[in-house]
2 protein chains.
Amino acid sequence: MQKTKRLLAIEKIITEEKITTQEELLKKLKGKGIDCTQATLSRNLRQLGVGRIPAGNGGYKYSLPEKIRNSEGISFKPNIVPVIRDIVEAKGLMVIKTIPGNASNTAFFIDGTGRYEIAGTIAGDDTILIIPRDGVTIQQVHTCLEIILPGIHEQIKTSK
Amino acid sequence: MQKTKRLLAIEKIITEEKITTQEELLKKLKGKGIDCTQATLSRNLRQLGVGRIPAGNGGYKYSLPEKIRNSEGISFKPNIVPVIRDIVEAKGLMVIKTIPGNASNTAFFIDGTGRYEIAGTIAGDDTILIIPRDGVTIQQVHTCLEIILPGIHEQIKTSK
DNA sequence: AAAATAAATGCATAAATATGCAAAAAACTA
DNA sequence: TAGTTTTTTGCATATTTATGCATTTATTTT
């Protein structure tokens, strides 16, 4: 799907560079071979929960949610990818395996993102059960996880 | 100065209600007897660091910095009220008493909110000095604290 | 207090963003 | 796989927001 790829690219670009307008983002994407219109970007940014905040030096910048912003508009994101070992599907639910003792904090992080796709989580010691909301497909949950934890699937695949 | 009053009103309104457009904010302000143009609002919002983020149900909402956002655009605040023992005024400054050892982290939290009213803070072990910005009254600082820490004054009053 | 300097504001408009609608693409079903 | 439904997208445009410039208001200096 073209859209998923685009969403990921948008998040990556926004995280790494200071993007001031949608037109600017449009060009960056084009540079990566991803082509769309400003209208589509506007919709995608909404879906990703991306906000537009005043930048310290003048102008504005786009910024991902689930971040902690201070009055300078600077943000950061905790990286918890390395603790995740595996992601499998079962009975329409999602099971995430972590390294021992890390299920709870990982689930807490996932909950904290408040993603629409996820109705709730249950965590043991090294296993998390993710309950998708009604009407949300497993594929959508995968996409959702990829958004929360960029590169996670790739990471799991290569470490196997 | 008219501007300070307006900035405070903007923060208050944005904190308490879901504001979708600058025009909407304009009307709310007019209702409070504060009159200006959209152009001025745009400039003020920038100065306050107010961002525009997608709202969960569709549409957008303005949001102060200092908040932790999740992807639904909902914000929440850590509750640190219980560590605060007393709030008194002295020489146009504000003195906050905390339980021992908690002044520093409380001050850090207050600083982090980036409130316009507060020029800066100094913390010892159980005492914080809040220096209001020029032109800001003690009453306005009280209101500001009530916004940062809802219910704080009530809590102190009842525990005495 | 008058003059000089800086800050704030409105007006008009440019710039940027969101959205209704129709078409195209993708996903699903029988 | 042909038909049906859902999702995604572009186009055109309405809506919303930012800003240059001139003017007013406030602040500072002499």
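Just the heavy atoms: all of them, side chains too, but no hydrogens, waters or symmetry mates, feed the values below. This one's a predicted model, so the numbers in the text were calculated from it and none came from an experiment. Every chain is numbered from 1 and lettered A, B, ... according to where its sequence line falls, protein lines coming before strand lines.
Judged as a salt bridge (Lys or Arg N to Asp or Glu O under 4.0 Å), and not counting sequence neighbours, the contacts of E17(A) are K28(A). Shown here are the side chain to side chain donor-acceptor pair (under 3.5 Å) partners of E24(B), two or more places apart in sequence or in another chain: there are none. For the side-chain contact (heavy atoms from CB on, under 4.5 Å) test, residues two or more places apart in sequence or in another chain that qualify with Q38(B) are Q22(B), E23(B), L26(B), S42(B). For K32(A), the side-chain contact (heavy atoms from CB on, under 4.5 Å) partners are K12(A), I13(A), not counting sequence neighbours.
We find that CD of Q22(A) is positioned 15 Å from P of dT16(D), with the value rounded to whole Å. In this structure, the CD1 atom of I53(B) is 16 Å from the P atom of dT17(C), given to the nearest Å. As a whole-Å value, the separation of L26(A) CG from dT9(D) P is 13 Å. The interatomic distance linking K3(B) (NZ) with dG10(C) (P) rounds to 12 Å, in whole Å. Rounded to a whole Å, the NZ atom of K5(A) is 17 Å from the C1' atom of dA26(C). Rounded to whole Å, the distance from NZ on K61(B) to C1' on dA18(C) is 19 Å. The nearest whole Å value for the distance from the CG atom in L48(B) to the P atom in dA18(D) is 13 Å. With rounding to whole Å, I10(A) atom CD1 is found 14 Å from dT17(C) atom C1'.
Taking the ring centre of Y60(B) as origin, the terminal cationic atom of R46(A) falls inside the region bounded by 6.0 Å and 45° from the ring axis.
Scanning residues 33-44 of chain B for heavy-atom distances under 4.0 Å to DNA chain D yields Q38(B), A39(B), S42(B), R43(B).
Residues D35(B) and L29(B) have side chains not in contact (no heavy-atom distance under 4.5 Å, counting atoms from C-beta outward). Between I14(B) and K61(B), every side-chain heavy-atom pair lies at or beyond the 4.5 Å cut-off. Contact check for Y62(B) versus L45(B): side-chain heavy atoms found under the 4.5 Å cut-off.
Between Y62(B) and dT17(D) there is a side-chain polar atom (N or O) within less than 4.0 angstrom of OP1 or OP2.
End-to-end axis angle of the helix from dA1(C)-dT30(D) to dA30(C)-dT1(D), from C1' rotation axes over five pairs per end: 50° (rounded to 10 degrees).
For the atom pair CD1 (I19(A)) and CG (L25(A)), the distance works out to 5.5 Å, reported to the nearest 0.5 Å.
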